[in-house]
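Just so you know, these numbers use all the heavy atoms, side chains as well, and skip hydrogens, waters and symmetry mates. Throughout, numbering of the chain's residues begins at 1 and tracks the sequence.
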Amino acid sequence: MQEITTITSSPKQRMTLVLENNETVDFRIYYLPRQIGWFYDFTYNNITVNCSRVTLTLNALRQYRNLIPFGFAFVTEGFVEPFAINDFSSGRVHFYILNQDEVQQVEDEVYSV
């Protein structure tokens, strides 16, 4: 897992995420005060996903697991959903990029029947 630690308390941020295979993901994260939460957009190759809410999950991109070779994990020790503009900058919420093997591991250990 690759942790992204560059998210600040700025309400609008854009970054390029570099995957383990050196491909890139155009990533935008933004805080919406009226929604009291963080949201993100990303583009990878010809796939664009807009306005996804950041929630605590081991793979926020599970529904795309057959289309993309990575996942996003949002975790915290307190089990309280991200709601504050400083949740990432304070270290309360952590953002990880999962590689293909880690996505499969989450699938096997959490979602397998």
| query | Is there a donor-acceptor pair under 3.5 Å between the side chain of T76 and the backbone N or O of R92? | reply | yes
So does E102 get a backbone contact from the side chain of N99, meaning a donor-acceptor N/O pair under 3.5 Å? yes
*asked:* Over 60° means perpendicular and under 30° means parallel, so tell me whether F74 and F72 are parallel, tilted or perpendicular.
replied: perpendicular
Donor-acceptor pair between D101 and Q105 side chains, under 3.5 angstrom: no
Contacts of R62 meeting side chain to side chain donor-acceptor pair (under 3.5 Å) (sequence neighbours excluded), chain-then-number -> E107
#### Entry: Under 3.5 Å donor-acceptor, Q2 side chain and I97 backbone
no
Exercise. Can you check whether W38 reaches I85 side chain to side chain, under 4.5 Å on heavy atoms?
Worked result: yes
Between F27 and F95, does the ring centre distance come in under 6.0 Å? yes
**Request:** May I ask you to check whether T24 and T16 show a side-chain donor-acceptor distance below 3.5 Å?
**Result:** no
Only residue of P11, C51, S10 satisfying side-chain contact (heavy atoms from CB on, under 4.5 Å) with Y30 is C51
Contacts of V106 meeting side-chain contact (heavy atoms from CB on, under 4.5 Å) (sequence neighbours excluded), chain-then-number -> L58, N59, L98, V110, Y111
Contacts of Q63 meeting side-chain contact (heavy atoms from CB on, under 4.5 Å) (sequence neighbours excluded), chain-then-number -> none
- Item | Backbone N/O of F83 and side chain of Y31: donor-acceptor pair under 3.5 Å | yes
